[in-house]
Structure formats: structure tokens, C-alpha cells
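Input: a single structure, listed below in C-alpha cells.
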There are 2 protein chains.
Amino acid sequence: MSKISFKPMYQQVYESLRSRMASGELAPGTFLPSENVLAEDYGVSQGTLRKAIDRLAADKLVVRYQGKGTAIALIDSDEALFRFFRLVHSDGHKLLPSSQVLGAESGQAGEDEGKALAIAAGDMVFRIHRLRMLDGSPAIDEKITVPCAAFPGIDELTTDHVPNTLYNYFQERYGTTVCRIREHLIAKGATAGTAKRLEVRAGHPVLQIRRVAYDLNDRPVEYRVMLCLTDHVHYDADLKR
Amino acid sequence: MSKISFKPMYQQVYESLRSRMASGELAPGTFLPSENVLAEDYGVSQGTLRKAIDRLAADKLVVRYQGKGTAIALIDSDEALFRFFRLVHSDGHKLLPSSQVLGAESGQAGEDEGKALAIAAGDMVFRIHRLRMLDGSPAIDEKITVPCAAFPGIDELTTDHVPNTLYNYFQERYGTTVCRIREHLIAKGATAGTAKRLEVRAGHPVLQIRRVAYDLNDRPVEYRVMLCLTDHVHYDADLKR
DNA sequence: AAGTGGTCTAGACCACCTT
DNA sequence: AGGTGGTCTAGACCACTTT
């Protein structure tokens, strides 16, 4: 073994478990084998194995229940929407946007989409266009692009059957877990189309959020552009060093 | 001992070390006693003590050097500016803004400032107004408010002597370590004054970032409003779950 | 009672830095 | 050589959940 490739055991175990989750061998919602069993399997002590699971738990890929076991995290349930949703009402109260799907159809990836999703321009993608409301008035004009190759059969979705918690759908139907997103924010004037949908004049300042979502293998699985009216809402970022 | 107040030893040690850092007893840039010594002091095993320091290291409050010891993190040096600075050039290359101080004077806190800094409106504050440039053209119109009570003597700063890495200055002169910031982002049209300074027309869309910075005791120590031209720059947010 | 995760210990060996 | 942090082990005891 060459020296530069040395990795601590707990890291190897961490990576192994993580890739077994990525491959679908360990499915969301099920329980891991107990720490004793896993330690035996990997031929390490329980302490070393715990250190690996500590990292998975810190990543929130896994949830521990004392006395019961360790479960592979599900993205759905209670806070499905809010894990990656940083837009909050300025009054502090929660913000549960209803949404109205304006379109859902497949097409060929453009320049931007291809680059964001690490596919070739022209590859098949599926697009969802949706308008999210807040307190009854339109607040977010949202366009979502997803590579068909990663989600076979997704192009059969119709406007009336787009799930409103998409990441939950990815996980349940495709075993794809979104575990990281990256967002680029700028301020710009609303285009004519966006302005009409948001019921403001063209050029009205809107917050543009360009998001790329990554799965457990660090591959981009979704590209999303949101144009937000921030008159009664703001983007909340909390940076701990 | 009542049951509900039970805390694991490693957490007690973590909190103790953290508060000793907050009080200035453990100063930034110095080294902690060795793990063996600390374990002895606290009457715990080395493993338990390591777990406490693991958390401090995860918080980046402390840096470990194998063979040398564990140092209390300094905020200055190389990446002082970029730890909390999320604005990056759209071309990807780094962005080192030069700044031009437009004003630095004390005054009384207004409504917003008081609420953000958890002080009463009317309490003395010190304000810095500064314009940051990017590639030679103005890009950020920045107003900073700091409570005088937390930084005695800061009102003696003059326009020509405002340090450009403020958090570094807080730490070196006052022993105050900014360890967390919270930012609220919205898009809005530039006011007349801002527009003039940024050399755009009034109403031009700008990204407004309202930041509150917190010290180790979780007390707000700075309030900052940045108005950013995002024509060649964007705000970069990375959310791992 | 048996199994699970949660805490804590004592000790071994290693890699790295300093003297 | 001696001290520091980094890894790993084996075992103890506890709290919680299930059977």
C-alpha cells in the first residue's frame, strides 16, 4: 500500500456506507444493521464504526433512534419542503406556498441547462414551469429542468400530476436523494413574461435564484431558476463559521 | 442531580472551553494546553476530551496541528475576507474588493439598528459608510452599524483609518470573535443616493443584503446593509443538508 | 430479558514536530 | 528522545425500546 493513499478505517467505512446508499442497496426509510453487526462485517471495532456513522448522522443522511436502531433518512414527512427552502415571510411566520403548474413537457437542453446539469446541449430534458403563490398573490415564477436520462419515464408526467415536493418524488420513485444544493442569487428587472405572471410591471426588481441540486454521487440532477418577488418575503442565509 | 439537567461530560467540557474563549481567558492565536493536560484538569479521559475538541474544531473555533498542538483560531491571515463573503465574480475568478470609506461617525441607533443589535433605539452606535469597487467600478454600497457599548473607543476611528477587515480588527483589539452571521436578502430598486454612488439610474435592481453578525456569546455585534450591483457578480450559497 | 444506541474509560500504536 | 495530535481497540455501564 502506498503511503499517500492511506485512509483511516472510519473514513473508508463512511464512504462505503454512503456509496451503498447511493447505489440503492441501502434504501431510504429502512434501518441499517446494528452497530455490532456492521462492525463485525467491516472487521473494525464498534468505536471506529460509530465514528463513521457519526459523520453520516452529521450529514443528516441517517437518523439514530436510541434503543431502536439507525434509519436511513427519508426526505419526505414534516419538513420536506423547508430543508432547502430559504424564502421566509418577513413577518417571521411560516410560508407554505401553494403552486400552480403552468406547463410540464420534455425538450432539448439549451446551453445553460446543459452546463448546469453536466450533459450535452441537445440532450433530452423535462421542464416544469410553475407559479407559486403567497397569501393569495403570485410570488415565485419557477422553471425547473431535469435530465431525462437520470429519471427515465419522468416525461410522462402531466401538468395535473406534478408532485409539489419534487425531491420527495425523486427519492420515492427513483431512489435518488438530493443531498446538496448550490444557489446563485442576483437582482434583476423582471422580463415581460415574468412581470405578467407576477402581476407587476416589466423591470420590477426580482430576486433570481439559480439552483443546481446534487445527489449522493455529487451529480447534478436538477436545474431550477426562481424569480421571486421580495416585497413581503426574503431569502434567509445563516452562516456559521 | 435532577434528570432533565443531565449533560454528557464532553458537552460540558465543550461549553466550558467555549466560554473560556468567549471571556478572553483563552486568547485567539495561542495554543490550548495539550489534550493530556486538559483531560487531567477536567477529570475526564483523553477520549472524552477529544470529543469536546472535535466539536470546537468542527466549529472552526480551533485548529489542530499534529505534533504541535491545538491553536485557538485566528480570523485574520489568508482567508479573513472570504469566510463570510459570499459575493463572487460570475466568471469564477476571485474578487478582492478595494474599498473607499465615505464616512465614519457615531450617532444614535434608529429603530432597525436597535432591533438588529438588541439595544434600545437611541443608544450610541458607530457607523461606517463605504463603497466597494470591483474591477475599477463601484459595486457595493455598504453601511455598517456597531454598538459603542460593545466596542469602547471605536468612535475614535476616523475615515482614513477604518480597517478594511473589520472582523479581524474586532478580534485583535477587543477579543471579540465573530463566529456566525445571518443575512436577509431581497431585490429592490436603488434609491437615488445609492444609484448615484453605484453610477446607475435610480430604480436599477440591486441586491440588498442585511447582515447581523454574532459573537461567541451569540450577541449581535454588527449590523450591516449592503446594496450590490449584481451585473457581474452573484451571491453564492451552498446548502448541504 | 434482550437488543439497540449513548457515554466513558484505559491503553496501545502511529505520524508528526520540536529539541 | 519526548511531546503532540490521530487512529483504533476492547470493554464497561447506562438509557431506551421491544418482545
Side-chain angles (χ1 to χ4, degrees), chain A residues 1-18 20-21 26-74 77, chain B residues 1-18 20-21 26-74 77:
Chain A
M1 183 191 306
S2 77
K3 198 173 183 180
I4 52 166
S5 71
F6 167 78
K7 280 185 190 177
M9 295 298 304
Y10 65 84
Q11 189 174 335
Q12 294 181 41
V13 173
Y14 166 81
E15 286 167 4
S16 168
L17 288 171
R18 203 183 150 112
R20 285 167 72 185
M21 289 172 54
L26 299 173
T30 63
F31 276 74
L32 286 178
S34 79
E35 295 182 351
N36 283 321
V37 172
L38 280 176
E40 180 95 9
D41 289 352
Y42 281 107
V44 298
S45 74
Q46 201 202 10
T48 298
L49 187 116
R50 272 191 71 80
K51 199 159 176 177
I53 296 194
D54 281 347
R55 277 193 59 179
L56 292 175
D59 294 344
K60 292 181 184 160
L61 293 175
V62 123
V63 183
R64 296 206 243 224
Y65 299 99
Q66 185 173 114
K68 291 182 65 176
T70 300
I72 300 167
L74 271 181
S77 71
Chain B
M1 182 192 307
S2 76
K3 198 172 183 181
I4 53 167
S5 71
F6 167 78
K7 280 184 189 176
M9 296 297 305
Y10 66 83
Q11 190 174 335
Q12 295 182 41
V13 174
Y14 166 81
E15 286 167 4
S16 168
L17 288 171
R18 203 183 150 113
R20 285 167 73 185
M21 289 170 54
L26 299 173
T30 63
F31 276 74
L32 286 179
S34 78
E35 295 182 354
N36 283 322
V37 172
L38 280 176
E40 181 95 10
D41 289 352
Y42 281 107
V44 299
S45 74
Q46 201 201 10
T48 298
L49 188 116
R50 273 190 71 78
K51 199 160 177 177
I53 296 194
D54 281 347
R55 277 194 59 180
L56 292 174
D59 294 344
K60 292 181 184 162
L61 294 175
V62 122
V63 184
R64 295 207 245 223
Y65 299 99
Q66 184 172 113
K68 289 182 66 178
T70 301
I72 299 167
L74 272 180
S77 72

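Below, chains carry the letters A, B, ... as their sequence lines are ordered, and counting in each starts from 1.
Residue B:T48 has no polar side-chain atom (N or O) positioned under 4.0 Å from OP1 or OP2 of C:dT7. OP1 or OP2 of C:dG3 has not a single side-chain nitrogen or oxygen of A:S34 nearer than 4.0 Å. A close approach under 4.0 Å does occur between a side-chain nitrogen or oxygen of A:T70 and OP1 or OP2 of C:dG5. In terms of phosphate contacts, B:R64 brings a side-chain nitrogen or oxygen within less than 4.0 Å of OP1 or OP2 of D:dG6. For B:Y65, no side-chain nitrogen or oxygen approaches OP1 or OP2 of C:dC16 to under 4.0 Å. For D:dC8, neither phosphate oxygen OP1 nor OP2 lies less than 4.0 angstrom from any side-chain nitrogen or oxygen of A:Y10.
Between the P atom of C:dG6 and the CG atom of A:N36 lies a distance of 13 Å, rounded to the nearest Å. Rounded to whole Å, atom C1' of C:dC8 lies 15 Å from atom NZ of A:K51. In this structure, the CG atom of B:L49 is 16 Å from the P atom of D:dT7, given to the nearest Å. Rounded to an integer number of Å, the gap from CD of A:E40 to P of C:dG3 is 14 Å. Between B:Q46 atom CD and D:dT9 atom P the separation is 17 Å, expressed in whole Å. With rounding to whole Å, B:M9 atom CE is found 19 Å from C:dG6 atom P. Atom CZ of B:F6 is separated from atom C1' of D:dC16 by 13 Å (rounded to the nearest Å). With rounding to whole Å, B:R50 atom CZ is found 17 Å from C:dA10 atom P.
If you check every strand for non-hydrogen atoms under 4.0 Å, B:Q66 touches a base.
Comparing C:dT9, D:dT9, D:dG6 by their nearest atom to the side chain of A:V44 picks out D:dT9. Closest contact between the side chain of B:K68 and the listed nucleotides C:dC17, C:dA10, C:dT4 involves C:dC17. If you check C:dT4, D:dG5, C:dC8 against the side chain of B:S45, the one that comes closest is C:dC8.
The pair B:E15-B:R55 does not meet the salt-bridge criterion, since no charged nitrogen lies less than 4.0 angstrom from a carboxylate oxygen.
A:L38 places a side-chain heavy atom less than 4.5 Å from the side chain of A:I53.
Looking only at atom types and distance, the side chain of A:Y65 has no donor-acceptor partner in the side chain of A:T70 under 3.5 Å away.
Put simply, the residue from A:T30, A:V63, A:L61 that forms a side-chain contact (heavy atoms from CB on, under 4.5 Å) with A:I72 is A:T30.
In this structure, A:Q46 contributes its side chain and A:A39 its backbone to no donor-acceptor pair below 3.5 Å.
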